[in-house]
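Notes for the one structure printed next.
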Amino acid sequence: MDAYHASNTSLLCKKDSPAMTPYSAADIEEKWQHAWDNARVFHATREGGKPKYYVLEMFPYPSGRIHMGHVRNYTMGDVVARYKIATGHNVLHPMGWDAFGMPAENAAMAIGGHPKDWTYGNIDDMRAQMKPLGLSIDWSREFATCDPEYYGQQQALFLDMLEQGLIYRKNAVVNWDPVDMTVLANEQVEQGRGWRSGALVERRELTQWFFKISDYSEELLSALDGLENWPAKVRLMQENWIGKSRGLQFSFERVDGGEPIEVYTTRPDTLMGASFVGISPDHPIAKTLEAGNPELATFLAECRKVGTTEEAIETAEKLGHDTGLRVKHPLNPDWELPVWIANFILMDYGTGAIFACPAHDQRDLDFCRKYDLPVIDTFQALENPKPVERHAFVPPKTENVQWINHFAGLDQATGQEAIDKTIAFCESHGIGTGVTKYRLRDWGLSRQRYWGCPIPVVHCDSCGVVPERKQNLPIELPYDVTFDQPGNPLDRHPTWRGCTCPECGDPALRETDTMDTFVDSSWYYARFTAPHADTPTDMAEANYWMNVDQYIGGIEHAILHLLYSRFFARAMHLTGHLPAKAIEPFDALFTQGMVTHEIYLTRDANNRPLYHLPEEVTDGKLADGTPVEIIASAKMSKSKKNVVDPINIISAYGADTARWFVLSDSPPERDVEWTAAGADAAHKHLSRVHRLTSQIIADPAEAATQGADEALLREMHKTIHDVTVGIDSFGFNAAIARLYAFTNTLAKSKAGSDTKHKAATTLAQLMSPMTPHLSEELWQMLGHKGLITTAPWPEADAALLVDDTITLPIQINGKRRAEISVPADMDKSEVEKAALAVDAVIKALDGARPRKIIVVPGRIVNVVI
RNA sequence: GCGGGCGUGAUGGAAUGGUAGACAUACCAGACUUAAAAUCUGGAGGCCGAAUGGCCGUGCGGGUUCAAGUCCCGCCGCCCGCACCA
């Protein structure tokens, strides 16, 4: 059967009464979505004195199509939201659109049209695709970041941050695409070329706006400790990104008496292994020397050709140039070191200058070998601190700190302790100071793009760069722009740039750079608490709804988005837009895995792969019988055609099946493989629950066999407990497995009708966060009033969670040999006696006395012989 | 190179240090059916055995423990993040 076009009809089995209607998602899902809308059950309010709960999924970019990854992400959030509604919370569960960005401009350039029309059209399409999922979203709070109402408030926020000194302008080296005439982000550069134009990317110095996120390095680092409900992995990634290091900063005196060269090192203990001093091609000294030295100028030009990207840097050859300058070793003025310019030294880390220790650094060693520079043995340097040796690599361990022990008369120290002692020694001898540095750089927010939030400043000939006045906000993007030429359409707009200076009233020009789209997503969570306020936030609302109790999204945002948001929340507190408690805006974070699928391909005459959609493949063959190659499951991607369109699944099986499937089988943080068989199985299960419920209703007078009622109730309460724990702890797959097991129990139960009715009701309720439409239908079939969505969550009766009689495994020397059935409350000595009376134990003991008996109440007995 | 994670049947996976493989898929058998599908019932880690049962078993090798998939040490493999960062 073609699973993607499974029929919902003909599921009526002969056993069922003719009056019984089979499960048909198509018939019920829209009905219940209307019922929820009419009852406004997802409308977030502050009323009722209930505790609040804010659940948020990372909002989507409006590409035009939802995909299975979205379905999985929003379903997880929906399960949490619906569970919180049922457990008596005021729930805020909003949705919006991360709507600015390059794809809209690229579409405009490729297929014509306008980015705005393209974007809003996509939003309408995606909303229409999302609504059939039956998500518990308060659509009244929806906004797109490209709404002037939103980005106008973002401009207000910009002005407040500017006033607080959190934003500044400076020259920076960027990736410049000379064909498209725009700055490219590092990830938009492929093998040194612009991803769209294919032009070789240049390094160019431009005046750009920056957020002073580096002021918060320590704060953003130390506050990570408090984020207990974030994945350790994400915290670690942020920690590494911020990159705190402790080292020694000191100067090398120049032999020619010129300006000393200041260097920074995290390994001051390797100072006696210094081979040369290296400076960045962008170092002021390099620039000074360049003036009268054409050979050097050529070398520097060569260095600058290389892009700033990882790719470019990684593949670039190590280049060096001897400046001819000489400096003195700080511990021995007679020891002179050469000064080289090296292309691997970055101007914007440390001081832009280093000392190289080839004995303890592979990169330095490579460089020294290439340019025939000495490799200093740290031990020899102790006795004879001269660059005399040129030999093999010395392992970079901690023994090299002997010199510091020698100089300072300290005890043997190794590792970090040695480094700390070295810093202390150097400080006390006036050789530099201990310095803490961070890898985190300020965040450049300027983009030479049209489809982004305009930076609200003007350039005035007499007043310079002047912030706009808030009453002039929003500074709206003009609609009448053209994309027939490269570069920023705002630059060549005939009138938009013209304005008056807010300071002096003279004619002035608007800034045409727009903001990085990461700015848009750095505060949307706060805006959702009052999406139409005439200030960025409404403090009363923010104070009630913040923080986000549960944030859910992909691990790919572990660093940038989540770090920027943490910075922005602090900035918004500083500027009076968020309460102090919200400086860490996301109390709990969950990073979900991807939805994957097998890849199917055939080969063309040149052996190039031709990919095929899953629905074109049946039993490993195309419709014409051609067998396909199957490649291991990978993230769904259009280029590999291993995609399943949620819309097709919903029309074939219904939203509940799609929701149930994406939560089943795999733990939510891991990838889940979409298979036709799995989707089919999910649908079968939902049909089964529907059929089972119908049968229970059909026979309202069925009598119970002895003990069956109690057995079913016990199982029911255990299920309530397990499913509740499962949802609370993001163990959705385990919760679903438990629901399968309970369905099996219910199907086989010989309990009476009333008990079965109760069990079916509970089953519907426990399933309702995952399969809300089916659950509403079952609730109604079972004769309950109102909506299951707002019915209180079932509570497990503690008394029924424990069985009266339990089965205890009996181990002999740690190996399971038998089991006994005993009352649950039997005391240890009785259990011991019972265990010793078991045949297998008697046989194993063979008359001897056991050495030891371990009884773990309720779990196990171990007889040690 | 640095940092982190993972490794369990044919497959996805379950298991507060306490009966390994729940639940599901695929598979096998049976019932219903002219038949198929659907549905229902049952089986199933491997090896030996007619069977009660026994031995082995969570990547490999050690260790701690009455008891290890789980904790510790050392390997192997895979995955992810970071990185000319001084």
Side-chain angles (χ1 to χ4, degrees), chain A residues 1 7 10-16 22 231-241 243 245 247-248 263-268 270 278 280 310 313-316 318 342-346 348-357 360-364 366-367 396 437-439 441 555-556 558-559 633 661 664-667 669-673 675-678 680-682 684-685 687-688 691 722 731 733-744 747-748 807-819 840 850-865:
Chain A
M1 185 190 66
S7 166
S10 82
L11 295 180
L12 188 70
C13 75
K14 292 214 166 157
K15 239 168 98 184
D16 299 335
K233 183 191 172 104
V234 174
R235 291 190 314 215
L236 196 66
M237 282 164 75
Q238 293 214 353
E239 189 181 320
N240 291 337
W241 188 262
S245 68
L248 182 72
V263 301
Y264 172 73
T265 177
T266 54
R267 291 293 304 277
T270 65
S280 165
E310 225 178 275
I313 288 164
E314 194 149 323
T315 50
K318 285 180 182 33
N343 66 339
F344 64 82
I345 301 168
L346 307 174
D348 50 1
Y349 188 82
T351 61
I354 62 159
F355 75 83
C357 177
H360 302 95
D361 183 300
Q362 188 61 46
R363 182 199 53 201
D364 292 346
D366 294 345
F367 191 88
K437 287 200 187 291
Y438 301 87
R439 206 181 66 100
R441 324 267 182 85
I555 187 77
E556 68 272 20
I559 296 172
S633 210
F661 178 80
S664 309
D665 294 339
S666 284
E669 68 275 14
R670 248 185 263 180
D671 293 350
V672 65
E673 183 180 18
T675 61
D680 212 31
K684 277 182 191 172
H685 176 72
S687 301
R688 185 178 181 222
R691 191 167 52 245
D722 292 353
N733 58 323
I736 282 180
R738 196 67 183 83
L739 288 166
Y740 270 112
F742 183 57
T743 306
N744 292 339
K748 293 191 176 92
T807 303
L808 276 187
I810 307 296
Q811 293 184 332
I812 295 169
N813 291 337
K815 295 202 176 205
R816 186 185 153 293
R817 282 297 126 100
E819 53 186 40
R851 285 203 298 151
K852 202 171 179 183
I853 302 180
I854 288 116
V855 177
V856 183
R859 304 305 303 229
I860 206 162
V861 180
N862 191 8
V863 181
V864 185
I865 294 172

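Remember, predicted model here, so these are calculated numbers, not experimental data.
- Nucleotides B:rA10 and B:rG46 are separated by 13 Å at their C1' atoms, to the nearest Å.
- For the residue pair A:S245 / A:Y264, a side-chain donor-acceptor distance below 3.5 Å is found, with atom types taken as modelled.
- Rounded to an integer number of Å, the gap from CD1 of A:I854 to C1' of B:rC66 is 3 Å.
- Of the candidate nucleotides B:rG13, B:rG42, B:rA38, B:rA38 has the atom lying nearest to any side-chain atom of A:K684.
- Relative to the side chain of A:R439, the nucleotides B:rC23, B:rA14, B:rA83 differ in distance, and B:rA83 lies closest.
- Annotated as anti: B:rG63, whose glycosidic dihedral deviates from 0 by more than 90°.
- Contacts of A:E673 with the nucleic acid, taken as non-hydrogen atoms under 4.0 Å apart, are absent.
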Next on the checklist: Base contacts versus sugar-phosphate-only contacts with protein, heavy atoms under 4.0 Å: please encode nucleotides 51-59 of chain B as B, S and - from 5' to 3'.
Outcome noted: ----SS---
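- With hydrogens and angles disregarded, a donor-acceptor distance shorter than 3.5 Å links the side chain of A:S280 to the backbone of A:I345.
- For the pair A:K437 NZ and B:rA86 P, the interatomic distance rounds to 12 Å; values are reported in whole Å.
- Between A:Y349 and A:I354, the closest side-chain pair of non-hydrogen atoms is not below 4.5 Å.
- Distance, A:I555 CD1 to B:rC6 P: 14 Å, rounded to whole Å.
- One can place NZ of A:K233 at 9 Å from P of B:rG5, the figure rounded to the nearest angstrom.
- What separates CD of A:E819 from C1' of B:rG18 is a distance of 14 Å, to the nearest Å.
- Residue A:N862 has no polar side-chain atom (N or O) positioned under 4.0 Å from OP1 or OP2 of B:rU65.
- Within 4.0 Å (heavy atoms only), A:R670 reaches sugar-phosphate atoms of the nucleic acid but no base atom.
- Residue-level contact check: A:D364 touches neither bases nor backbone, having no heavy atom under 4.0 Å from any strand.
- Within the nucleic acid shown, A:T266 comes within 4.0 Å of sugar-phosphate atoms alone, with no base atom in reach, counting heavy atoms only.
- To the nearest angstrom, P of B:rG5 lies 14 Å from CE of A:M237.
- Atom name P, nucleotides B:rG12 and B:rC66: the rounded distance is 36 Å, in whole Å.
- Atoms CZ (A:R235) and C1' (B:rG5) sit 15 Å apart, rounded to a whole Å.
- The side chain of A:W241 has B:rA83 as its nearest neighbour among B:rA83, B:rC66, B:rA86.
- Heavy atoms of A:I810 sit nowhere under 4.0 angstrom from any nucleic acid atom.
- The side chain of A:K748 lies closest to B:rG42 when the candidates are B:rG42, B:rG4, B:rC66.
- Here A:N733 lies in heavy-atom contact (under 4.0 Å) with sugar-phosphate atoms only.
- At a threshold of 4.0 angstrom between heavy atoms, the contacts of A:Y740 are confined to the sugar-phosphate backbone, with no base atom among them.
- Residue A:V856 is classed as a base contact, given a heavy-atom separation below 4.0 Å to a base.
- Consecutive Watson-Crick or G-U pairing (both distances under 3.5 Å) extending over three or more pairs maps onto RNA chain B as B:1-7 with B:76-82, B:10-12 with B:23-25, B:27-31 with B:39-43, B:45-48 with B:53-56, B:59-63 with B:71-75.
- When the nucleotides B:rG3, B:rC85, B:rU25 are ranked by their closest atom to the side chain of A:L346, B:rC85 comes out on top.
- As judged by a 4.0 angstrom heavy-atom cut-off over every strand, A:R738 is placed among residues making no nucleic acid contact.
- Per the geometry, NE2 belonging to A:H685 stands 13 Å off P belonging to B:rU39, to the nearest Å.
- With contacts defined as side-chain heavy-atom distances shorter than 4.5 Å, the pair A:I736/A:F661 does not qualify.
- Residue A:A734 is classed as having no contact, given no heavy-atom separation below 4.0 Å to the nucleic acid.
- Of the candidate nucleotides B:rC66, B:rC23, B:rA86, B:rC23 has the atom nearest to the side chain of A:A737.
- Nearest nucleotide to the A:A741 side chain, out of B:rC82, B:rG13, B:rC23: B:rC23.
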